[in-house]
Every structure is written in structure tokens, then in C-alpha cells.
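First comes the structure, then the notes that go with it.
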Amino acid sequence: MAQADGLALGGIVQWVLLSIALFLCWLLWRVWSHRRRQETSLLGEIHEREERLNLALWGSGDEFWDWNIRENSLYRLGASQLFGHGSRDQMSTDDWRTQSIHPEDLPRVQKLLQEHIVGHTEVFESEHRIRNARGEWVWVRSRGKVVERDSAGSPLRMAGTARDITAIRRAERERRVALEVLRSMSEAVAVIDLDFRFISVNPAFSRITGYSEEEVINQNSRLLDSSQHSAEFYRRVRDVLERTGHWAGEMWQRRKDGEEFLGWIEMSEVRDAMGLRSHFVAVVNDITDKKRAEQELRYLANYDTLTGLPNRALLSERLGRAIVRARRQDTRVAVLFLDLDRFKDINDSLGHAAGDRLLKAAATRLQATVGASDTVARLGGDEFTVVLEDVESFPAVERMAREILTAFTMPLEVDERHDVSITPSLGISLYPDHALVPTDLLKFADTAMYQAKAEGRNTYQIYNETMDAESRRRATVLASLRKALDRGEFRLVYQPRMALADGRITGVESLLRWHSAELGEIPPTVFIPLAEESGLILQIGDWVLSEALQTLKRWRANGLNEVSIGINVSVLQLLRGNLPQQLRTLMQDLGVPSNRIELEVTESMVMQNAEQTTHVLNELRKLGITLAIDDFGTGYSSLVYLKRLPIDTLKIDKEFIGDLTRDPDDEAITATVITMGHSLGLNVIAEGVESEQQLSYLREQGCDEIQGFWLSPPLDSHRCLAFIRSWQPGTVAAIPAPY
Ligand SMILES: Nc1nc2c(ncn2[C@@H]2O[C@H](COP(=O)(O)O[C@H]3[C@@H](O)[C@H](n4cnc5c(=O)[nH]c(N)nc54)O[C@@H]3COP(=O)(O)O)[C@@H](O)[C@H]2O)c(=O)[nH]1
């Protein structure tokens with residue numbers, strides 16, 4: 001039993017031990033399978049996390065790097081997506097240094113790493129270039145931190161991310177370039193929101209408008225609205241901009257200081273990434289100066305800068321339009337061509353500045369006479385043109401021509417001290433009577449003007465066809481005149497004059513004659529004006545002086561010591577200024593006395609140029625030469641000047657003498673001139689005396705001397721010498737007065 005009991009116990013023990021062993025095995029299996037499950041789930045979790053990290057890196061486009069400092073190795077996750085397939089996931093730090101990073105950036109990156117490792121910076125942060133799988137350099141922004149240190153604090157591991165910022169840097173560079181362009185642009189640029197408030201402006205905007213960026217931000221763009229446009233105009237512009245997204249045009253704008261400027265403005269909408277309008281950009285070009293320059297150019301092209309009158313170009317245009325209107329309305333257009341008489345002499349003597357002022361004064365006088373509705377133009381020099389529209393008749397044009405002549409009888413004020421008298425000569429042509437086109441009308445009016453000059457100036461002429469022949473003849477005469485001196489075609493004749501008191505021959509007047517080889521005998525009334533206009537009178541005048549004084553010398557050698565010689569001089573000779581010196585030399589060379597020389601200048605010439613000629617006349621007077629005013633009574637006489645001028649003799653024009661005893665007016669004028677001349681202490685000579693009646697009347701009025709066909713026509717020097725020698729004074733002195 002004890003054995004059985006022992007066997008049973010042993011069985012039980014074995015069974016228990018087996019059960020325990022089985023249980024332990026089961027427990028171990030359970031633990032193992034639990035661990036296994038745990039491991040599997042951990043691995044799954046790790047895998048999932050890695051997946052997420054990879055996804056995150058893929059999504060962000062970043063690379064993860066892990067640098068084992070002690071082992072000197074670099075692990076990179078996501079490098080291939082950042083730098084292309086083939087980029088290495090693992091590399092040694094040395095390879096990274098020598099192959100991966102751009103050599104120029106390496107020192108900077110190492111410095112930043114060092115600063116972080118020693119604890120100077122919280123994080124390592126750097127932008128540098130990395131070579132990608134294709135061998136190109138790409139810019140990355142790398143951020144990282146030390147993530148493990150040993151017990152001594154030395155870094156064991158650093159980890160971080162890197163991001164490709166090549167595109168960002170390019171965009172940034174482009175943005176900087178764009179900003180620089182905006183900054184350096186000469187056009188003002190403003191970004192405006194949809195409520196037309198300024199968002200940003202460039203420096204040119206501040207320069208042009210005077211407003212700084214701070215002053216305009218958030219301000220409405222109405223700030224620049226100018227008073228030159230109506231509110232309606234600005235409303236329309238904004239309306240177009242809102243509807244179409246674009247507006248371009250010229251717009252006046254007001255600067256901060258209130259000054260207005262003209263801008264060429266281009267406004268365009270800006271759309272955001274969603275394609276919605278977000279802003280407007282306005283580019284403003286200040287075109288005030290350009291516009292002004294354009295206007296000035298237009299002005300210069302169409303107006304005469306001196307007088308402000310239309311020039312030839314604008315005149316032709318207006319005349320053309322006037323003709324078109326006249327054709328449509330069946331009316332007339334008149335062209336008045338005006339030239340100032342002897343303007344050249346005045347210009348030469350007064351100087352060009354005064355000449356310019358005279359032209360301006362003449363332009364004002366002309367415009368005031370004609371009125372604002374008709375065109376007055378300056379063609380250059382002293383030539384003006386008037387265009388009259390809706391002309392009813394020839395007399396109406398003549399009336400205007402006379403009004404112009406009358407307007408010029410009053411002297412023109414050149415400055416505070418100088419008044420100058422100047423007369424115009426006018427030529428007139430009419431559409432459709434004389435021509436149908438502007439060029440012909442102008443040409444014919446010009447021809448008529450020359451005819452007016454030939455008629456003695458200070459008058460008008462209406463064009464007729466014979467004038468063309470006349471102007472051609474003038475050109476022919478002038479061509480011959482230029483050769484006359486060299487060919488020796490001039491000669492002087494001498495007309496004696498006689499004292500009424502005792503019948504003595506007191507002197508002669510030398511008169512020029514021209515016999516042209518081609519044209520025959522040309523009267524002085526024809527060639528003298530041409531010689532004056534062309535300036536040839538200066539050389540011709542020199543010849544006359546020399547010739548006349550040589551005759552005087554010859555006569556004196558023949559015993560005519562008491563006879564004086566009168567020599568006509570043109571005002572041009574006086575204005576030239578060297579006449580006194582010229583005469584001094586001639587007198588010395590020829591040995592003739594000055595008190596036997598009298599220079600004759602016409603009244604109108606001297607009166608018009610009194611200020612300029614007085615000095616020369618005084619010089620001549622100082623030489624002992626006497627001075628006579630010729631053609632007295634025909635021009636505009638100023639007693640003031642007459643009194644001031646150093647003259648000795650008045651010669652009453654033959655125009656008054658011819659009608660003596662027939663025309664009471666001429667008698668009255670002649671008597672008055674004699675009285676006035678005597679009251680001024682002057683010797684008075686009557687020219688053109690042809691009859692005894694005239695002679696008697698003049699004697700009765702106390703005239704001092706006479707000259708004319710009654711006594712003798714002009715004679716050549718030999719015949720004149722003979723005439724004087726044979727003259728019997730007693731016979732004439734005995735002629736009684738008619739009353
Ligand atoms: N600058 C210069 N001008 C000169 C010179 N020589 C002449 N002239 C000027 O030319 C104009 C015309 O002169 P001319 O044809 O010689 O006529 C003169 C006389 O011939 C004429 N005359 C004289 N007596 C009578 C008369 O009884 N009846 C009449 N119908 N005519 C007469 O008058 C002219 C006189 O000239 P003036 O005394 O000068 O007025 C003339 O303006 C001349 O001045 C010259 O050398 N230089």
C-alpha cells in the first residue's frame with residue numbers, strides 16, 4: 001500500500017509537473033505571441049509613421065536629413081524627390097562636403113553649423129546650393145538641430161530638413177528686379193484698390209505729384225483730380241475702367257502744390273490667382289513739357305515769333321480756306337500785300353533791335369486797323385499781308401487800303417524815347433477777279449505793291465495785267481543799272497537857281513542822268529527808287545559827289561567863285577554815316593570850299609529818320625556845308641524837328657509852284673512855307689518855276705530864290721557854265737509883281 005501510495009503520489013507529482021510544464025509552455029507561448037503581436041503592431045506603427053513621414057516629406061517637397069556626427073555619415077530621406085532620382089540616401093560627411101555642397105557656399109554653411117553646435121544659435125539655418133542628381137546646382141533652405149549629445153554635452157547627432165527654394169529665390173529675384181524697375185521708372189506708377197484708393201506708389205509718382213507714399217496710401221485717387229476737367233469726365237473714366245478693366249488717355253492732374261500737369265495715363269486691372277479683379281495699376285507719364293514743346297513747334301510752324309502774327313504757311317492755309325468759302329458763297333476775297341517804305345534804311349541806322357520793335361509796332365497798328373476778324377500775316381522782313389473776306393466791291397477794299405495808309409500817318413513808338421514815322425506801300429489782288437489760287441493772288445498783290453512803290457510809295461495799287469510787264473521791266477532796268485557805273489553811263493546835268501532880290505545866279509542843282517546802252521535814256525524817277533531799293537545808290541551817290549565837286553572845281557577855275565552846287569543825297573548815304581569824312585577828303589583833294597556845297601535831302605526822308613540823321617547833318621554843318629530840305633511840303637513835316645535840324649534852306653516842291661495863280665490852296669501853302677521858313681531863319685527856294693506869273697507871286701511873297709524851266713532847264717556842265725557867264729541879272733530883277 002505504501003508502495004501503491006508511493007506510486008500514486010509519484011504519478012500525481014508527474015502529472016502536476018507535466019501540467020505545470022504545459023502551463024509554463026502555454027504561458028511562454030502566450031507571452032511570446034503577445035510580444036510578437038506587440039512587435040508586429042510596433043513595426044506596423046513604425047512603418048505607418050515612416051509612411052506618414054515619407055508622405056509628409058513628399059507633400060511638402062522637403063528632404064529629411066540625419067547627420068551622425070561621430071560616425072561621420074549623413075542619412076537623407078526624400079533626397080531623390082528633391083534632387084532627382086539617383087541622389088544618394090546615404091553618404092559620408094566628407095562626400096557631402098566635397099561633392100554635394102557648392103564650394104562657394106561651404107565656408108558659410110560650416111560656420112553656421114559650428115555656431116549652432118557650440119550653442120550660439122538655437123537652430124541651424126542656411127540657404128545654400130546643393131548639386132542635384134543631374135549635376136545642376138539648386139538652392140535649398142536647410143534647418144536642423146542637434147538632437148543627441150553625450151554625457152559631456154558633445155553633439156552626437158543632428159537632424160533637420162532641407163527644402164528646394166530655387167523657384168522661390170528666382171521669384172524673389174524677379175520681384176526685386178521688378179521693384180527696382182518700378183523704382184527707377186520715370187513714369188509714375190500707382191496700385192489702386194477697387195475703391196480707387198492708393199495701395200502703393202513708386203518714387204516717380206512722388207516726384208511727379210509731390211505726394212510721398214505715406215501721404216497717399218489709403219487716400220482716394222480723386223486727390224489728383226484737376227479743375228481742368230469736369231466731375232463728369234472723371235466719372236466717365238472710372239466707369240470705363242470698371243466696365244472694361246482698361247482706360248488710356250490724356251488727363252490733367254493736380255500736384256500737391258496745386259500746379260496742374262498733363263498726364264498720359266494707362267490704367268489696367270490686375271487679377272488675382274483666382275482670376276478675380278483685385279486692383280488697378282495706373283501708369284502716369286507727365287507729358288506737359290512734351291505737349292508744350294509740340295504746341296511751341298506748332299506755333300513756330302504757323303506764327304511769326306517776332307510779331308505773333310500768322311506766318312506765310314498759316315496765311316496760305318487761311319487764304320485757301322477763305323477762297324473755298326468765297327467760292328461756295330459767291331463772294332470776293334482781297335489780298336493786301338504791304339511793304340514798309342525804306343524800312344531797310346531805318347533798320348540799318350537804328351539797329352536791328354529797334355527795327356524789330358518797329359516791326360512789332362507796325363504789326364499792332366495794322367491788326368488794330370484791320371480788326372481781329374481778318375487775317376493779318378507777316379511774310380518776313382517788312383512784308384505783311386492782309387486777307388479780307390466777304391469783300392463787297394473794289395471801293396470797299398480801297399477804303400480799307402486808305403484806312404491803313406491813314407493809320408500809318410501817326411508815328412510808331414519804337415521805345416520811350418523814339419517815335420519813327422514809316423509809311424507802307426500796298427498792293428491789292430482779288431479773288432476771283434485776278435486769280436483763283438492763293439499763290440497767284442499773293443504774287444499779283446506783290447506785283448501791285450511794287451507798282452505802288454514805283455508810284456512814289458505811301459500809296460496803294462490794285463493789280464492789273466499791265467503790272468506784270470511793269471515788274472518785268474523793273475527787273476530789266478535793275479539788271480542794267482548794276483552795270484551802269486562800270487560802263488560810265490551816268491552823267492550830271494546842272495540846273496541854275498536865281499536870287500529874286502537881285503536876279504543873281506546863286507548856284508546850281510546837280511541832277512543825275514543815265515543813258516543805258518540797252519534801254520536808252522532812263523529818267524531818275526525810274527532808276528533812283530530802284531537804286532535806293534537795291535542799295536546801289538551808295539556807289540552811285542559816291543560817283544555823284546565826286547563828279548559834282550570836280551565840276552565845281554572846274555567852274556571855279558573858270559572864275560565862278562560865287563556859285564554854289566546843290567547835290568542830292570539819298571537818306572541811305574546819310575544813314576551810312578561816313579558822308580562827312582567822304583566829303584572832307586574830296587574837298588581836300590579837289591581844293592573846293594565847303595561853303596559852296598549844299599546837300600539836298602528830301603523832306604520825307606529826313607523827317608522819318610530825323611533822330612538818326614541829325615548827328616550826320618550836324619557833322620556836315622560843322623564842315624561848313626549847307627543843308628537843304630528838298631520837296632518841302634510833300635511829306636509829313638514836324639516843326640519840332642525842322643527847328644532842331646541843322647538846315648539852311650527849304651526848297652518848296654514844284655507840285656505847289658505849278659498851280660500857283662490857279663489854285664488858292666497851293667498859293668496859301670506856298671505863302672505859309674515862305675513865312676514859316678523865314679521865321680526859322682531859313683533861305684526859301686521855289687522849285688519848278690515855269691512862268692513869269694509864278695515868279696511874280698513868289699517875289700511878292702518874299703521867296704528868296706527860284707529854280708525852274710523859266711530860268712533854265714538842267715544843262716550839261718559846259719552849257720551851264722556858259723549860261724551862268726552870259727546871265728544878265730538886271731533883266732529879271734526888273735520883272736514887276738503881277739499885283
Ligand atoms: N539821290 C539823288 N537823287 C537825284 C539825283 N539826281 C536827281 N535826283 C532826283 O531824282 C528826281 C527826279 O529828278 P529829275 O528828273 O532830274 O527832275 C528834276 C528836274 O529836272 C525837274 N525840274 C526842274 N525844273 C522844273 C520845272 O520847271 N518843271 C518841272 N516839271 N520839272 C522841273 O525837277 C526835278 C528837281 O529835282 P529836286 O529838286 O531834287 O526835287 C528828283 O527827286 C531828284 O531829286 C541824284 O544825283 N541823287
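We number each residue from 1, following the sequence as shown. As the structure lists them, so they are numbered: ligands from 1, and atoms in each ligand from 1. Just so it is clear, the structure is predicted and the values come from calculations on it, not from any experiment.
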Q: Examine Ser510 against ligand 1 and note whether any of their N/O atoms are separated by less than 3.5 Å.
A: no

Q) Which atoms of ligand 1 are found less than 4.0 Å from any heavy atom of Glu687? A) 37 (P), 38 (O), 40 (O)

**Q.** For atom 23 (C) of ligand 1, closest protein heavy-atom neighbour
**A.** Gln495 OE1, 2.9 Å

Q: Report yes or no: does Arg513 have a heavy atom closer than 4.0 Å to ligand 1?
A: yes

Q | Minimum-distance protein heavy atom relative to atom 7 (C) of ligand 1 | A | Leu511 CD2, 3.6 Å

**Q.** Charged N-O contact under 4.0 Å between Glu533 and Lys453
**A.** no

Q. Polar-atom distance check: Glu509 versus ligand 1, any N or O pair below 3.5 Å?
A. yes

Q. Going by the order shown, which atoms of ligand 1 are within less than 4.0 Å of some heavy atom of Pro714?
A. 20 (O)

Q: Verify the neighbour count for atom CZ of Arg719: are there more than 12 heavy atoms of other residues, nucleotides or ligands below 6.0 Å?
A: no

Q: Considering the heavy atoms of Asp631, write down every atom of ligand 1 situated less than 4.0 Å from one of them.
A: 40 (O)

(Q) I need the atoms of ligand 1 closer than 4.0 Å to a non-hydrogen atom of Gly708, numbered in the order shown. (A) 24 (N), 27 (O)

Q | Geometric N/O contact Val544 with ligand 1, under 3.5 angstrom | A | no

**Q.** Polar side chain donor-acceptor pair, Thr423 to Asp341, under 3.5 angstrom
**A.** yes

Q. Are the side chains of Val689 and Phe709 in touch, meaning some heavy atoms are under 4.5 Å apart?
A. no

Q.
Only heavy atoms of Ile528, strictly under 4.0 Å: list the atoms of ligand 1 that pass.
A. 2 (C), 3 (N), 4 (C)

Q: Would you mind checking which non-hydrogen protein atom is closest to atom 34 (C) of ligand 1, with the distance to 0.1 Å?
A: Lys654 NZ, 3.5 Å

Q: Output all residues satisfying side-chain contact (heavy atoms from CB on, under 4.5 Å) with Thr439, sequence neighbours left out; order by chain, then residue number.
A: Val437

Q) Is Gln573 close to ligand 1, meaning an N/O of one under 3.5 Å from an N/O of the other? A) no

Q: Under 4.0 Å from a heavy atom of Asp630: give me the atoms of ligand 1 that qualify, with their elements.
A: 37 (P), 38 (O), 39 (O), 40 (O), 44 (O)

Q. Is the backbone of Thr466 close enough, under 3.5 Å, to the side chain of Glu470 for a donor and an acceptor to pair up by distance?
A. no

Q) Can you check whether Asp653 has an N/O within less than 3.5 Å of an N/O in ligand 1? A) no

Q | Backbone N/O of Leu441 and side chain of Ser429: donor-acceptor pair under 3.5 Å | A | yes

Q | Heavy-atom nearest neighbour in the protein, as seen from atom 28 (N) of ligand 1, with distance rounded to 0.1 Å | A | Glu690 OE2, 2.7 Å

(Q) Test of understanding: with side-chain contact (heavy atoms from CB on, under 4.5 Å), list the residues that count as partners of Glu413, not counting sequence neighbours. (A) Asp419

(Q) Heavy atoms only: which of Leu492, Leu512, Ile567, Val526 lies closest to atom 6 (N) of ligand 1? (A) Leu512

Q) Is the closest side-chain donor-acceptor distance between Gln707 and Gln495 under 3.5 Å? A) yes

Q.
Side chain or backbone, does Phe709 bring an N or O within less than 3.5 Å of an N or O on ligand 1?
A. yes

Q: For atom 10 (O) of ligand 1, grab the closest protein heavy atom and report residue, atom and distance to one decimal in Å.
A: Pro524 CB, 3.5 Å

Q | Distance flag for atom 40 (O) of ligand 1, protein heavy atom under 4.0 Å | A | yes

Q.
Looking only at the aromatic ring of each residue, does the gap between the centers of Tyr463 and His434 stay below 6.0 angstrom?
A. yes

**Q.** Close side-chain approach of Ser425 to Asn458, heavy-atom, < 4.5 Å
**A.** no

Q.
Check whether Ser510 reaches the backbone of Gly566 with its side chain - one donor and one acceptor, N or O, closer than 3.5 Å.
A. yes

Q | Nearest neighbour of atom 2 (C) of ligand 1 from the list Ile685, Asn568, Val601, Val689, on a heavy-atom basis | A | Asn568

Q) If you measure from the Lys or Arg side-chain nitrogens to the Asp or Glu carboxylate oxygens, is any gap between Arg497 and Glu687 under 4.0 Å? A) no

